[in-house]
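If you read the sequence from its start, that first residue is 1, and numbering goes on from there.
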Amino acid sequence: ETLPIDQKSNTTTTKYYDCKECKDTVWKLDENAFATKCECVSLQLSKNIVELAGIKSDDTGKSFKNFKQTKFENIDKAKENAIQYVKDFKDIEKKRFNSICFIGVVDNGEKKGVGTGKTHLAIAITNNLLHKGIAVKYFSYREEITKIKQTITDHETYQRGIVTGK
């Protein structure tokens, strides 16, 4: 949409909206000037929930169905465990030990966990639980532990990181 800036100089600017329906106001007016919330509100809320859960936009489509089996042993069992974890989550969510973690191994200096599908399975779990309306958080163990170690001497930053994840 092109909007005039200055009537005297006749200059204009182009304004781009994320939502063309409501022009980022979150309200739409019908022919009777009755205001209703725009659909973009729920879309933005969904995006915020996914972002807070630690899922990048590229990963929102990761699921158990599109998981590609790899040659690594035990990945079939890991996938079965991941699917079962989602099925059993309502029964285990209030228990103390209710988390799941996929860890690669190093054998004689050789990394045997890279490219096995651990991240895909963890994100598939997160996506499944989010679709069920369950608030969850996906994070890379290595990245989060590194952040905690970097801030542990600064009590205020450390506490903020533990509580908010930032």
Side-chain angles (χ1 to χ4, degrees), residues 16-22 24-26 37-166:
Y16 298 98
Y17 296 105
D18 290 327
C19 179
K20 292 178 182 174
E21 292 289 318
C22 70
D24 298 340
T25 65
V26 305
K37 272 194 179 175
C38 185
E39 293 83 23
C40 72
V41 173
S42 58
L43 289 173
Q44 188 58 48
L45 181 61
S46 296
K47 285 180 189 176
N48 291 347
I49 290 169
V50 168
E51 187 178 302
L52 287 171
I55 302 297
K56 296 176 182 143
S57 59
D58 295 351
D59 293 332
T60 57
K62 288 187 177 174
S63 68
F64 298 126
K65 287 183 181 177
N66 64 19
F67 177 73
K68 291 182 175 73
Q69 297 300 114
T70 62
K71 61 183 168 94
F72 296 94
E73 63 181 81
N74 297 325
I75 200 63
D76 291 334
K77 184 66 176 162
K79 181 181 177 185
E80 288 173 27
N81 288 340
I83 292 169
Q84 196 62 48
Y85 180 80
V86 170
K87 287 179 181 175
D88 295 344
F89 191 78
K90 281 291 184 192
D91 296 332
I92 63 172
E93 73 176 315
K94 301 273 191 253
K95 294 183 180 176
R96 181 166 184 206
F97 300 104
N98 65 0
S99 299
I100 190 167
C101 182
F102 300 102
I103 301 173
V105 296
V106 177
D107 185 17
N108 292 327
E110 180 186 349
K111 292 181 182 176
K112 293 197 170 190
V114 178
T116 58
K118 300 180 306 293
T119 300
H120 186 113
L121 289 175
I123 292 172
I125 290 170
T126 305
N127 286 334
N128 271 273
L129 294 176
L130 286 173
H131 281 72
K132 291 181 175 196
I134 299 168
V136 293
K137 173 79 172 165
Y138 163 80
F139 62 90
S140 165
Y141 177 80
R142 182 180 298 149
E143 291 172 17
E144 294 302 314
I145 291 300
T146 300
K147 284 182 196 175
I148 291 170
K149 285 180 179 179
Q150 289 171 342
T151 63
I152 201 158
T153 57
D154 179 357
H155 183 73
E156 184 179 327
T157 304
Y158 176 76
Q159 288 298 318
R160 184 175 53 243
I162 294 296
V163 173
T164 66
K166 293 183 181 180

If every non-hydrogen atom of Asn98 is compared with every non-hydrogen atom of Ile92, which pair is closest and at what distance? CB-O, 3.1 Å

If every non-hydrogen atom of Gly54 is compared with every non-hydrogen atom of Tyr138, which pair is closest and at what distance? O-CD2, 3.6 Å

Validation row: Phe102, Thr116 side chains within 4.5 angstrom (heavy atoms): no

Minimal non-hydrogen separation, Ser99 against Tyr85, with atom names: CA-OH, 3.7 Å

Donor-acceptor contact below 3.5 Å, side chain Asn128 vs main chain Ile125: no

Atom CD1 in Ile55, atom CG in Leu130: separation rounded to 0.5 Å? 6.5 Å

Taken to the nearest 0.5 Å, the spacing of Lys79 NZ from Leu121 CG works out to 8.0 Å

Between Cys38 and Cys19 the two heavy atoms that sit nearest each other are SG-SG, 3.5 Å

Scan side-chain atoms only and decide if Asp59 and His120 contain a donor-acceptor pair under the 3.5 Å cut-off. no

Say you draw a straight line from NZ of Lys90 to CG of Leu129; how long is it, rounded to the nearest 0.5 Å? 9.5 Å

Nearest 0.5 Å please: distance from the CG atom of Asp88 over to the CD atom of Glu93. 12.0 Å

Could you tell me which non-hydrogen atom of Ile103 sits nearest to which non-hydrogen atom of Lys118, and how far apart they are? C-CD, 3.7 Å

Does atom CD of Glu51 have more than 12 heavy-atom neighbours from other groups under 6.0 Å away? no

Spacing of Asp18 atom CG and Gln44 atom CD [to the nearest 0.5 Å]: 7.5 Å

Hey, what do you get for OG1 (Thr126) to CD1 (Ile134), rounding to the nearest 0.5 Å? 11.0 Å

Ignoring hydrogens, what is the shortest heavy-atom contact between Lys62 and Asn127? Give both atom names and the distance. O-ND2, 3.0 Å

Taking Lys56's backbone N and O only, do any of them form a donor-acceptor pair with Thr60's side chain (distance below 3.5 Å, no angle check)? no

